[in-house]
J.: 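Would you mind keeping the following structure in view while I ask a few things?
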There are 2 protein chains.
Amino acid sequence: MGVTRRGASVRTPRSTPRPAPSFRVLTGDCVAEMAKLPAASVDLVFADPPYNLQLQGDLKRPDDSRVDAVDDAWDKFESFSAYDDFTRAWLLAARRVMKPSATLWVIGSYHNIFRVGTILQDLGFWILNDVIWRKSNPMPNFRGRRFTNAHETMIWAAREPNAKNYTFNYEALKAGNEDVQVRSDWTLALCTGEERLKDGNGKKLHPTQKPEALLARVILSSSRPDDLVLDPFCGTGTTGAVAKKLGRRFVGVERDSVYATAARDRIDSVLPLPAASVAPFQTAREAPRVPFAALIERGMVSPGTTLTDAKRRVTALVRADGAVSLGDTVGSIHRIGALAQGLDACNGWTFWHVETATGLAPIDTLRAAFRAEQMQAAE
Amino acid sequence: MGVTRRGASVRTPRSTPRPAPSFRVLTGDCVAEMAKLPAASVDLVFADPPYNLQLQGDLKRPDDSRVDAVDDAWDKFESFSAYDDFTRAWLLAARRVMKPSATLWVIGSYHNIFRVGTILQDLGFWILNDVIWRKSNPMPNFRGRRFTNAHETMIWAAREPNAKNYTFNYEALKAGNEDVQVRSDWTLALCTGEERLKDGNGKKLHPTQKPEALLARVILSSSRPDDLVLDPFCGTGTTGAVAKKLGRRFVGVERDSVYATAARDRIDSVLPLPAASVAPFQTAREAPRVPFAALIERGMVSPGTTLTDAKRRVTALVRADGAVSLGDTVGSIHRIGALAQGLDACNGWTFWHVETATGLAPIDTLRAAFRAEQMQAAE
DNA sequence: ATTCTCAATGAATCTGTCG
DNA sequence: CCGACAGATTCATTGAGAA
């Protein structure tokens with residue numbers, strides 16, 4: 001399968017004298033710009049709209065440094081209703097340019113994704129999956145008042161119900177995933193380091209640049225070579241760069257001319273890859289870390305169990321939440337193990353033991369059994 | 001802290017002659033039954049509402065490919081609209097019985113969760129997290145036309161914005177998780193095997209029974225012992241069984257009397273865990289405040305003592321009134337610590353140190369000793 | 001060259017209490 | 001309701017610069 005060349009891949013000639021170039025970034029409002037595109041001309045839409053984060057004050061890290069938040073004007077909306085109107089408008093514009101067989105992806109967080117999903121359904125899109133981007137290195141919750149917000153949600157939808165001819169490269173994905181079906185949760189790292197575009201001062205050029213690996217999975221799973229990919233919120237052109245790399249065509253829209261220019265430069269410099277060379281769906285290795293709480297959830301240790309050291313000199317009590325208590329003090333198996341010995345640190349997995357039929361056994365043996373189970377389940 | 005006994009734990013006596021039992025399953029419509037409960041009486045709501053209203057009754061039209069597009073859209077609107085009305089009704093009823101500090105969890109899939117989330121926001125709930133239940137053993141996708149649907153989504157929300165006193169047992173969760181804060185994605189197995197309730201024929205009794213481990217995380221993370229947990233769609237009583245096990249109280253509502261009966265039997269047979277394994281413990285946040293002046297009054301620090309940071313780069317002088325001075329500036333240990341570092345804020349307890357026989361020690365160790373004394377004195 | 005330490009940072013609706 | 005302030009709070013990764 002050859003790489004798309006300029007002009008060669010245009011399938012539906014229209015009245016314009018010259019065929020559209022294969023890679024375009026339009027500067028302007030996405031609804032207005034999409035309205036100028038021919039109807040039913042796009043094979044795949046990927047959209048990363050504003051999330052409407054509704055942030056208020058500053059957030060400081062424990063070291064008192066300030067978190068560089070998304071405080072741009074484009075992410076501010078007067079109300080949920082205003083956000084809904086905005087969402088309805090761009091989704092309708094996108095729908096018009098989608099071929100009947102096209103599908104659409106939208107990424108968001110809990111701030112906006114529920115509204116996007118509801119409107120998708122109300123407009124008659126047909127949700128095929130919601131897919132979780134599970135971040136391997138999310139920003140922590142600095143104040144300890146919520147769970148670490150460690151994922152974002154993507155919705156994958158067909159233009160209408162009963163769409164039966166949409167592209168889903170099931171066999172190829174499965175073959176590239178150790179012959180296991182690809183799941184609806186994808187573990188991927190944030191876009192950092194070299195990949196992250198910087199401005200002249202070494203600061204991030206765009207506040208929400210997505211990792212290319214994420215886009216590669218989207219494009220590889222739900223489009224074919226030479227397909228036309230549309231990104232209405234093109235930003236610094238991640239979608240376009242990956243589309244070109246993977247032999248697809250691309251049209252993006254970006255309101256901010258600085259971002260649009262950066263996107264054009266970036267896409268220009270991309271060299272398409274041989275199509276067969278990318279296999280991004282290798283199974284994510286599970287984090288080696290096993291929380292002690294998981295053994296309790298699994299029923300391997302009961303709350304109320306007494307832990308003791310190898311010489312039965314100290315004991316601690318297993319709590320339902322996976323912490324352990326020694327007298328009035330509650331903490332992790334590691335902290336309490338350290339406390340029991342008067343040390344700064346301790347490996348609770350090897351220090352603490354439980355009574356078994358065959359005598360005292362370190363809880364590390366339970367962890368090993370748990371891991372073995374997990375490995376089996378993954379097969 | 002004893003295990004909750006029938007009636008003994010009711011905290012707000014009301015006009016009814018007998019206190020409500022600690023574990024109840026009401027048979028009936030959840031909106032009607034919640035309306036009978038006292039307002040602001042519930043600490044935690046967990047709801048697993050029906051997902052597929054559009055597949056019920058006369059709206060069910062599988063594989064009807066010849067439907068006119070307009071009619072089709074109208075059907076969906078009607079169907080979604082009915083689901084929205086239903087959702088709004090039960091959420092409002094739940095909201096009334098929630099204490100101001102209460103939080104609510106809803107679990108769903110892409111069929112319904114976007115509508116639930118939108119309505120939650122529209123009703124003024126405040127989303128704290130969306131949490132992904134990542135299934136370690138999901139059912140495969142048999143047709144190979146989509147990604148394996150390997151997760152469900154939960155929304156965790158406070159009753160209103162700026163709710164600052166909701167329960168989140170951050171420290172305990174972290175201690176049970178290898179001393180790392182718990183993320184918004186939870187990997188847990190489906191409810192199968194022994195745990196899955198069966199009917200007389202060995203068939204599963206309920207189509208969507210949730211694993212107890214999932215409910216255990218929900219209840220352990222966002223409630224305290226003796227709290228009242230409400231489940232408006234009680235089913236076969238998983239929430240109630242786990243609540244009882246963990247020393248919480250419970251009220252559930254279930255429309256189907258077969259399920260309700262099964263739930264009652266199930267909850268009756270649960271034995272609560274030993275109180276010590278679920279007992280709350282004092283976190284750093286909840287520890288009693290100690291004014292720095294109290295250490296001086298107690299003789300633990302003398303006026304005139306020199307304080308310094310861990311690297312002995314700056315020094316401050318302890319005053320008799322409990323303030324400290326740095327050059328001409330006088331202020332609290334925190335203010336002066338911030339000043340010394342050129343920061344906006346500082347925890348003076350950990351920043352400032354005193355010389356001891358064994359070297360430099362943070363004044364926080366003095367505070368800990370003071371608190372220990374106070375504890376002893378209180379006994 | 002190699003290893004170690006320290007600093008920086010990422011779509012974040014991130015405190016509680018008292019006056 | 002607002003302001004002041006005590007004081008509690010972070011994980012994975014990259015990269016620079018020191019040892």
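FYI, side chains are in, hydrogens and waters are out, and symmetry mates aren't considered; it's all heavy atoms of this structure. Sequence lines set the chain letters: A, B, ... in the order given, protein chains first and strands last, and positions in each chain run from 1.
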J.: Just wondering, more than 12 heavy atoms not from B:Arg298 lying within 6.0 Å of its CZ?
T.: no

J.: What's the CG-C1' distance between A:Asn149 and D:dT10, to the nearest Å?
T.: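 Nearest whole value for this atom pair: 14 Å.
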
J.: Restricting to nitrogen or oxygen on both sides, can you table the protein-nucleotides 5-9 of chain C pairs closer than 3.5 Å?
T.:
from  : atom 1 : to       : atom 2 : distance (Å)
C:dT9 : OP1    : A:Lys203 : NZ     : 3.0

J.: Check every atom of D:dT10, C:dA12, C:dA11 against the side chain of A:Tyr51 and return the nucleotide holding the closest atom.
T.: C:dA11

J.: Taking DNA chain D as the partner, which of residues 114-131 of chain B come within under 4.0 angstrom of it by heavy atom?
T.: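 The stretch gives none, as no residue of it lies under 4.0 Å from the strand.
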
J.: Expressed as a whole number of Å, how far does the C1' atom of D:dG7 sit from that of C:dC14?
T.: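 The answer is 15 Å between these two C1' atoms.
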
J.: Could you check whether any side-chain N or O of A:Asp29 sits under 3.5 Å from a backbone N or O of A:Val31, counting only pairs where one atom can act as donor and the other as acceptor?
T.: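 Checking the backbone N and O of A:Val31 against the side chain of A:Asp29, a donor-acceptor pair under 3.5 Å is found.
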
J.: Considering only the P atoms, how many Å lie between D:dT9 and C:dT17, rounded to the nearest integer?
T.: 15 Å

J.: For the pair made of CZ in A:Phe142 and C1' in C:dT13, what is the distance, rounded to whole Å?
T.: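 It is 15 Å, rounded to the nearest whole Å.
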
J.: With the side chain counted from C-beta on, respond yes when A:Glu152 and A:Tyr51 share a heavy-atom pair under 4.5 Å apart, and no when they do not.
T.: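 Side chain of A:Glu152 against side chain of A:Tyr51, heavy atoms only: contact under 4.5 Å found.
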
J.: In terms of the nearest nucleotide of DNA chain C, which residue is placed more toward the 5' end: A:Gly144 or A:Gln209?
T.: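 Its nearest nucleotide lies further toward 5', so the answer is A:Gln209.
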
J.: Each nucleotide N or O in nucleotides 15-19 of chain C that has a protein N or O under 3.5 Å away: list the pair and distance.
T.:
from   : atom 1 : to       : atom 2 : distance (Å)
C:dT15 : OP2    : A:Arg143 : NH1    : 3.4
C:dG16 : OP1    : A:Arg145 : NE     : 3.4
C:dG16 : OP1    : A:Arg145 : NH2    : 3.0
C:dG16 : OP1    : B:Lys164 : O      : 2.6
C:dG16 : OP2    : B:Lys164 : O      : 2.5

J.: Select base, sugar-phosphate, or nothing to describe what A:Asp75 touches, counting heavy atoms under 4.0 Å on all strands.
T.: base

J.: Heavy atoms from C-beta onward define the side chain here; which of D:dC11, C:dT13, D:dT10 lies closest to that of B:Val180?
T.: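 The answer is D:dC11.
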
J.: Mind checking the C1' distance from C:dA1 to D:dA19? Whole angstroms is fine.
T.: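 The same atom, C1', in both gives a distance of 13 Å.
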
J.: List, with names and distances, any nitrogen or oxygen atoms from the protein found under 3.5 Å away from nitrogen or oxygen atoms belonging to nucleotides 15-19 of chain D.
T.:
from   : atom 1 : to       : atom 2 : distance (Å)
D:dG15 : OP1    : A:Glu194 : N      : 3.4

J.: For C:dT9 versus D:dT10, give the span between their C1' atoms, rounded off to a whole number of Å.
T.: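 Per the computed distance, 11 Å lies between those C1' atoms.
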
J.: For DNA chain D, list all stems, counting runs of three or more consecutive pairs where every pair is Watson-Crick or G-U wobble with both distances under 3.5 Å.
T.: C:2-10 with D:11-19, C:15-19 with D:2-6

J.: At under 4.0 Å between heavy atoms, what does A:Ser109 touch on the DNA or RNA strands: base, sugar-phosphate, or nothing?
T.: nothing

J.: Taking DNA chain D as the partner, which of residues 315-346 of chain B come within under 4.0 angstrom of it by heavy atom?
T.: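 Within this stretch, B:Ser332, B:His334, B:Arg335, B:Ala345, B:Cys346 sit under 4.0 Å of the strand.
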
